[in-house]
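Below, chains carry the letters A, B, ... as their sequence lines are ordered, and counting in each starts from 1.
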Protein chains: 2
Amino acid sequence: MSRKNACSAEEAAGREVCTVLDVLGRVSGKWSLGVLSETTRGPVRFAELERSLNGISRRILTLTLRQLEENGLLTRTVYPTVPPKVEYTATDQARELYARLTGLTAWAARHSAAAPHADAP
Amino acid sequence: MSRKNACSAEEAAGREVCTVLDVLGRVSGKWSLGVLSETTRGPVRFAELERSLNGISRRILTLTLRQLEENGLLTRTVYPTVPPKVEYTATDQARELYARLTGLTAWAARHSAAAPHADAP
DNA sequence: CAGGATCCGCCACGATACTG
DNA sequence: CAGTATCGTGGCGGATCCTG
């Protein structure tokens, strides 16, 4: 979960790059996109995410959720029930961003290249 | 420069996520976007990049260039002159991808939120 | 000038145990 | 159930030195 991105220097034209870097930094975690994918479909509980994202550890899941929340991409709702219940939902901003990101698959489709094997009809 | 992204598991809906992850992985380096930014403007020499991207080390620059080249995002042209001369240029694929990525700044503009200070026009 | 070879520090990620 | 607290690890990135 990369946090800091001061965009320390680069050149003048780098302002744009800097912004892009910042945006990508907000979903930089290995599982961030997976979490967004799940939470975009509707409210999801912690344990659900833990199962959906097969292989993620509790710690990383927590950190990822916190990061996304900090960046205004996730809404955390706590139900003060006796066994705790917490739901996470993607914000509108997150949905927009996620849409733009999945839009990259269009690019990937047009250039299936460089892939280890690929398919190619 | 993260290379491997087996997208080991996740869930079914994760295919999309997997693809996005793969695309982002191709420009994952700390300086990859900076390099793309420069090479998109036209052919650039190694030393030029080294200066433009202030703070980058020779090794990382080389690795970044190699990665981008491997992924078909950069064209490497060697001129067999006596002092070596090598030029790097972004491919069309790279320009397309870079355009989509800079498109993220639009999103960032609409949600200046979460930034340390800033917001409210 | 362009880049290979080394050595090293740091941080994201992972595995596990414990708790309200 | 939903986390927090600890400890360990791999690999990216940085600093140099050397060469065709």
Side-chain angles (χ1 to χ4, degrees), chain A residues 1-10 21 24-35 38-39 43-71 74-89, chain B residues 1-10 21 24-35 38-39 43-71 74-89:
Chain A
M1 244 76 51
S2 63
R3 191 93 323 290
K4 25 91 150 334
N5 171 21
C7 232
S8 44
E10 304 201 5
L21 243 33
L24 293 182
R26 301 181 186 198
V27 292
S28 59
K30 181 179 177 182
W31 303 91
S32 298
L33 287 178
V35 170
E38 297 299 317
T39 55
V44 194
R45 300 186 57 174
F46 189 92
E48 283 188 83
L49 285 169
E50 197 176 355
R51 269 190 301 279
S52 302
L53 310 169
N54 216 323
I56 195 174
S57 67
R58 273 186 179 74
R59 196 179 83 93
I60 295 305
L61 177 53
T62 302
L63 289 178
T64 302
L65 291 169
R66 294 281 178 274
Q67 183 203 3
L68 294 174
E69 192 189 355
E70 271 181 38
N71 290 65
L74 277 190
T75 303
R76 193 178 111 111
T77 313
V78 183
Y79 298 88
T81 57
V82 52
K85 176 179 175 181
V86 181
E87 281 184 345
Y88 293 90
T89 316
Chain B
M1 245 77 53
S2 63
R3 194 83 326 292
K4 28 98 148 334
N5 171 21
C7 232
S8 43
E10 304 201 4
L21 243 32
L24 293 182
R26 301 182 187 196
V27 293
S28 59
K30 181 179 178 183
W31 302 91
S32 297
L33 287 178
V35 170
E38 297 297 317
T39 55
V44 195
R45 300 186 58 175
F46 188 91
E48 284 187 82
L49 285 169
E50 197 176 356
R51 267 191 303 279
S52 301
L53 310 171
N54 216 325
I56 194 174
S57 67
R58 274 185 180 74
R59 195 178 82 93
I60 295 304
L61 177 54
T62 302
L63 289 178
T64 303
L65 290 169
R66 293 283 178 273
Q67 184 204 3
L68 294 174
E69 192 188 354
E70 271 181 38
N71 291 65
L74 276 190
T75 302
R76 193 177 109 109
T77 312
V78 183
Y79 297 88
T81 58
V82 54
K85 176 179 174 182
V86 181
E87 281 184 346
Y88 294 91
T89 316

Does D:dG3 have OP1 or OP2 under 4.0 Å away from a side-chain N or O of A:R76?
yes
Side chain proximity check, A:R66 to A:R76, heavy atoms < 4.5 angstrom:
yes
Could you pull out all residues at least two apart from A:E50 that satisfy salt bridge (Lys or Arg N to Asp or Glu O under 4.0 Å)?
A:R58
What residues 57-66 of chain A contributes to the DNA chain C interface at heavy-atom separation below 4.0 Å is A:R59, A:I60
Find the distance B:E50:CD to D:dA15:C1' and express it as a whole number of Å.
13 Å
How long is the line joining CG of A:L68 and P of C:dA12, in whole Å?
14 Å
To the nearest angstrom, the CD-P distance between A:E69 and D:dG3 comes to 9 Å
Under 4.5 Å between any side-chain heavy atoms of B:L49 and B:L65, yes or no?
yes
Taking only the side-chain heavy atoms of B:K30 (C-beta and beyond), determine which of D:dG14, D:dG3, C:dA2 contains the nearest atom.
D:dG14
How long is the line joining CG of B:L49 and C1' of C:dC1, in whole Å?
13 Å
Taking OP1 and OP2 of C:dA12, is either one under 4.0 Å from a side-chain nitrogen or oxygen of A:W31?
no
Starting from P on D:dA15, measure out to CG on B:N54 and report it in whole angstrom.
11 Å
Measure the distance from CD1 on A:I56 to P on C:dT16 and round it to the nearest whole Å.
16 Å
Within this structure, what is the CG-CH2 distance for the pair B:L21 and A:W31, rounded to the nearest 0.5 Å?
9.5 Å
Using atom CZ of A:F46 as one end and atom C1' of D:dA2 as the other, report the distance to the nearest whole Å.
6 Å
Is there side-chain contact between B:V35 and B:V44, with at least one heavy-atom pair below 4.5 Å?
no
Evaluate the side-chain proximity of A:R59 to A:L63: yes if any heavy-atom separation is below 4.5 Å, no if none is.
yes
Hey, are the side chains of A:L33 and B:L24 touching, using non-hydrogen atoms and a 4.5 Å cut-off?
yes
Indicate, with a heavy-atom threshold strictly under 4.0 Å, whether B:Y88 touches base, sugar-phosphate, or nothing.
sugar-phosphate
